[in-house]
Each structure stands twice: as structure tokens, then as C-alpha cells.
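What follows is a single structure, written as C-alpha cells, with notes after it.
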Amino acid sequence: MSTQYKVVDNIAVIEIANPPVNGLGHAVRLGIVEGVDRACADAAVEAIVLTGAGKAFSGGADMREFNSPKGGREPGLNTVLSVIENSPKPVVAAVHSVAMGGGLELAMSCHYRIAAAKARIALSEVTMGLLPGAGGTQRLPRLIGLEAATHMIVHGGSIASEKLADSGLFDRMAEGDVVDAAIAMAKEVAARPGPHPRVRDMQVKHGNPEGFIAITRAAVEARAGHLPAPQRCLDAIEASFSLPFDDALALERRCFLELMNGPVSKSLRHAFFAERAAAKLADVPDAVLERTVERVAVVGAGLMGTGIAMNFLGAGIPVVLVDVSDAAIEKGRATIRASYEAGVQKGKLQQATLETRMSLLRTSTGIGDVRDCDLVIEAVYEDMALKLSTFCALDEIAKPGAILATNTSTLDVDRIAAETRRPRDVVGLHFFSPAHVMKLLEIVRGEKTAPDVLQTALAVARRIGKVAVVSGVCDGFIGNRMIAKYARRAGELLEQGALPEQVDRAVEAFGMAMGPFRMGDLAGNDIGWAIRKRRYAEDPAHPRFEIGDRLCETGHFGQKTGAGWYDYEAGQRKARPSPRTRAMLEAFWKEKGVTPRRFSDAEIVERLVYALVNEGAAILEEGIAARASDIDAVYLHGYGFPTWRGGPMFYADTVGLFNVRRSMRAMAQGDPSWKPAAIVERLADEGAAFNA
Ligand code: NAD
């Protein structure tokens, strides 16, 4: 049952009932049309109220139906709107809560609208690389004015209904129950002589609409970069005053279909679904209950420990932060306070909220104080012996059923778990730096990690607003294992004649938030150097990154030392190409007998992105990641991969795995390490994709 129909006091009430957000799938669309027809055929019915059950009026189109036969099946949304608009009996929309996208378009096709305060109102299609495709670009400017409507459509953000109370969007704001108020209003308007007002018959009022659109276009051009949707939104909005309504609707539809079938919207929609899919584990059913987490301990009050603690404080969860000395915990406490104070200064945080959060923080130099915590997260130095002794102590102290998590970036979670008598309670919670800012959380599933521990980790991630992706145990997990290959290929480009700024420029033009060398300078080149030195010691055959090692041997760690691959002016973050780095590279090329060659941007991007793709494929093959879209989610939320390209695996699908394999095979002729992963071979043979 996707819609409900009842008659109250001679008013037909059509209620959309399609949890969770009353998406406008085919059954809902059909139910609305049938409801309107039934009401019109019933002589006793005077008017119609349209509303939504549960938490939303309607959250809009059902994206799962896009590009499916159901999506295109009549009645389409435009048909539904036209049936409502042309109904001889007046239709009143009762908006008690969320009316977004198609949901708002639906409300705007009604003759009258009444809203409760605090209902969220938006045309948010642009965030999915689309535009409102069912008259939203035509009706909203007629109702709330060209400028306000353009702002809402081009930015896609939501507005509280009461802020629109005096616009033409809502005829009334309801005081009590919206549906009761709508029924009363319906009785009142039914008594008026028709025809009832149709938004399409109104005019867009503005002194200089062409001028306004031209200025907005220039602003959007400067900001939207690779994204086509904002300009298409403006094309359609422009039609709201330059074309007759039906011609404008047709133009809006053409623009919508063009965007929907284009690569950017496909990528953005993939990113949206990838994030949601990652929160589900095929072998951990919803029925597995999560453990209660009311108190959290963080062991290690350094860079990561303080950031991790802030996630919980921000969610109202008490934290005990443990380190070895008074100095360390005081420094940790001061770091957290300073970060909140900066928030207060920028107007992002209230002083009272700062005090509440700080009151939830307890610091201690005694590990015994983790005793009553439900979740303990270890963030001590990256050193196996230290991690083992810490877990041994936690095993002695933590209460039964407590979850013992490690924030290790590279160490073997199974080995850490084996140090305890409760390996089922051990899990990796790999936060990214800065831990209170970065959205990604890799949940590292040990061989013995219990299903309810994973379920709890996923729930905790939701509570603290992280995008969680589950990874199996391997060196670097999903994200860092792939980035190591990417960084290695970037280093190789330098060895063969490229300059850091050239490599960075190429991948930044591709859309990466930051190129590998600017990134290294920001994070500190010494971090990778330390990991490399460990690997060289463990495996003498491990490929050397000589140029990177030389850079660090001279103390050029990046921004924190004032110089790295680039030079920095004191206190500035702007990277300036470094004559010193160039001289170092020239000396290297000379010493190794390398004739530096030129690289096109396309070749640089191909080598770096395909390095991610091939390692991602291996990760998939080994079952370290459950789905290709999980790998995409990691890269979109933790590594600055452009959302509008959908993630490395989705990007490879867009290029076509046949083509990706062909490039890899060509590179493998000179360098066998480019051999395509078996899964790339198989999918390319089958004409299939990573993301089916
Ligand atoms: P850090 O050096 O800033 O902090 C480590 C803290 O642990 C120090 O304050 C130290 O005093 C404390 N410590 C050492 N031994 C302890 C003990 N026995 N008991 C309690 N506290 C102890 O290090 P960090 O960068 O915060 O890294 C911590 C962990 O997080 C490492 O495993 C690291 O690999 C991982 N990690 C780091 C990053 C990053 O970008 N820095 C990102 C993800 C994960």
C-alpha cells in the first residue's frame, strides 16, 4: 500500500505511505492519480487534501527507479502533476515535514498549500548532478520570486518552511495538526467559485530577469567548475520567463534527461548509493543486536587520540582520555579546548556547547580508568610491541563485553587481537587525520571479530557522523594500501623525468583535491619515510623510493619544516615550485643515466588512477573489500577523489574495463608490475563492470 485514501467530512484525503521518505515511485504516482480520479468521481467529495504519512510529505523521486523500466512508466511525475493541476476539485497540499525535490514539485502542482513550521523545503536535485525535472524550475520562480528560487535550485540546500511563510509558496502556516488545518481550508476553498489557482498561470515577476540570470551565470561558471548541472538549472529557470509554460517544461525535461544520462550525475548517484551500501554487511543481518556504547576511552592523547575523542564529545558521549604523563594529557586537553575555541571564534560553536563538551572529557594517566568503558580505542604510537603490551593491559582491565579497538594504520589487527583472551571483541577503527574532521572511518574486521562488534562499530560510526567502510586485514587496509601504489607510481614519474608540480597539476585538473606531492608536504613526508624504512628492514627486496628517501634525509618533511617537495614562505601554505627539489631531481637523473622524458597530463592521470584501480581490483579479489563501491566510498570520503567521478572503481567502469585493461597491458610491456589483476581480466572479457 503506497497511498491511502479516506474521506473526512466530505474531503478526500490522499496520504502517501511509502517509507522511509515517501519517495515518488511508480506505485505512489499511480495511487495519487487514482485517488484524484476517485475523489472527482464521487459527488459527495468537495475537495482533496494531499499529504504524506510518517516523517515526510515526500522526499522526492525514487532514485532506485532511475534508468529502470518502472522509472519511465506512466503515470510519470509530470502526468501526476498535470492531473492534480487540472482537477476540477481543488487540491490542498498539507506539508507537515520534508518536501524535497519531486515532493516539493508535487506540492507546487496543488492549488493551495499549507505547511507546519520547521518542515524542510528544498529542490536539491543539483546535488545529484540533476535539475528539478517536473516543473520545479518553472513553478518555484513563479511562487517565491526569481532570485530566491534560483538560489534554492542552484545550491540545492534546504530551507525551513517558516522562512517561506510570507512567500507565495504557502497560502497558510498551520498552528496545530496540518492535515486538520488542510481539511478546514479545503472546505473553505471548495465553497469558492472556480477555477482554482494554478501556478502555471502566474507570471515570474522581476525588473531585469535577463540581467539577473547573466550575473548568476558568471558566478556559477566561476564556482561550479566541472559540474554541468548548475548551468542547466539556469537554462531552465531562464525559460520560466522567456518561454510559454509548456515549451519551458519541455526544455526543462530535455535538460534533465541530458544530465541524468551524463557521466557526472551517474557518478554522483553512485557515490550516494555507495555510501549507503557500505553501511551494510551481507553476513551481519540487521537482526544482530549492537552492544550498548555509553562510555568511551581513548588511549593515547596525541594527534589522533585527541581528534578521535572529539568525535564522541561532539555526539554527547563521555570520554576518558588516557596517556602516560600529566604533560601528555594536559597537552591533549589543551588541544581539544583550542580546537573548540577556534570554532567559537569563527561563530561555528556556542560557548555553552564548548563547556558541555569539555565537561564530558576526563583525562587520566592510569590505564585502569578505562575499566567502566564500553568501547576503548587505542591510539598510541605505531609500534607493534607497544600495541601488544597495551592490548595485554586492556585485556586485564576492560570490563567483559567491552569493545577493544585499535587505530593502527598498518599493523596486523589479528596479531593484536591474539594478544588478548577476547579476540572476538577486537576490531580496527581506522580514523583519518584530522580525525574530528575527516568523514571516513575504516572498520577493520579481524578474523575473529564478532558480528555484534561489527554491528556496534557501524552504529557508532553513524552516531558520530562518519561514513564507515568495512575492510579486511591487510597491510594498509583498503585506503592506504591503494595510496601506497599511487604514491609509488607518482615517485616513478619523478624518477623518469617529471616534476612534482607537473604531476600535481595533472591530477588536480582531473579533480583530485590535492596532488600526491602537495599532499605529502601537508601530511609530512616523514610519515611515509618511516613506513618505508620499516618495510625495507622487513623485506630487503622492497622497492626503494630513493628520491623520497633523499628528500627526507635532508630534513625536508614538508610544510612543518618549511620545505618539502615545494618551498613555503613562513606561516604560509601556498606551495611554490622548489629550485632545490629540481636540482635534486636533475642530479638524480644524471647519476642514474636517465634522459628525462615528457609526460602528457593524460598519461600522468592514467598511471596514477590506474594504480589505484589495479590495487583496488586486487583488494576486491582477496575479499578485503566486500564491494567495489566500498572502495569508491573510501576514496571519496578519505582521499579527496572527485565525487563527480564516482570513485576510482566507478571511474574505471566509466572508461570501460576493456579500455582500462588495454592501457595496463600496454604499460606492462615495459614494466611487468602493470599486469592487470585477474578480476580486471575476467570482467573485461565478460564486458562487465566492477559496479554491476
Ligand atoms: P602521536 O605520536 O601524535 O600520539 C601518540 C600518543 O600515544 C602520544 O601522546 C604518546 O604519549 C601516547 N602513548 C604512548 N605510549 C602510550 C601508552 N603506553 N599508554 C598511553 N598512551 C601512550 O601519534 P598519532 O599520529 O596520534 O598516531 C597514533 C596512532 O594512530 C598510530 O597507530 C598511527 O599509525 C595511527 N594513525 C595515525 C594517523 C596520522 O595521520 N597521524 C592516521 C591514522 C591512524
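In listed order, ligands and their atoms are each counted from 1. Keep in mind that this is a model prediction, so the values were computed, not measured.
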Would you mind checking which non-hydrogen protein atom is closest to [atom], with the distance to 0.1 Å?
atom                    : answer
atom 2 (O) of ligand 1  : Tyr381 CE2, 3.2 Å
atom 30 (O) of ligand 1 : Asn407 ND2, 2.8 Å
atom 4 (O) of ligand 1  : Gly302 CA, 3.2 Å
atom 36 (N) of ligand 1 : Ser409 OG, 3.2 Å
atom 37 (C) of ligand 1 : Met304 CG, 3.3 Å

Are [X] and [Y] close enough that their ring centers fall under 6.0 Å?
X      : Y      : answer
Tyr639 : Tyr486 : no
His430 : Phe432 : yes
Tyr651 : Phe510 : yes

Original post:
Under the 4.0 Å line, does any protein heavy atom show up next to atom 23 (O) of ligand 1?
Top reply: no
Touching ligand 1 at all, [X]? Heavy atoms, strictly under 4.0 Å?
X      : answer
Lys387 : yes
Phe432 : no
Lys331 : no

**OP:** Can you sort out which atoms of ligand 1 are near Phe431, meaning under 4.0 Å from one of its heavy atoms?
**Re:** 42 (C), 43 (C), 44 (C)
Looking at non-hydrogen atoms alone, which of [options] comes nearest to [atom]?
atom                    : options                        : result
atom 13 (N) of ligand 1 : Val299, Asp323, Ile531         : Asp323
atom 41 (N) of ligand 1 : Thr410, Ile367, Leu303         : Leu303
atom 31 (C) of ligand 1 : Leu411, Val380, Thr408         : Val380
atom 34 (O) of ligand 1 : Met438, Glu442, His430, Glu382 : Glu382

So does [Y] get a backbone contact from the side chain of [X], meaning a donor-acceptor N/O pair under 3.5 Å?
X      : Y      : answer
Asp323 : Ala328 : no
Asp414 : Glu447 : yes
Thr420 : Ile416 : no

Original post:
With a cut-off of under 6.0 Å to the ring centre and 45° to the axis, is Arg269 in cation-pi contact with Phe273?
Top reply: no
**OP:** Could you go through the side chain to side chain contact (heavy atoms under 4.5 Å, CB included) check for Glu553 and Trp529 one step at a time?
**Re:** CA-CA 9 Å; Glu553 279 154 15; Trp529 188 37; 3.8 Å; yes
Subject >> Val370: which of Val298, Val322, Val296 passes side chain to side chain contact (heavy atoms under 4.5 Å, CB included) >> reply: Val322
Original post:
Does the side chain of Ser673 come under 3.5 Å of the side chain of Arg488 through a donor N or O and an acceptor N or O?
Top reply: no
Subject >> ligand 1-proximal atoms of Thr406, by part, heavy-atom distance under 4.0 Å >> reply: neither
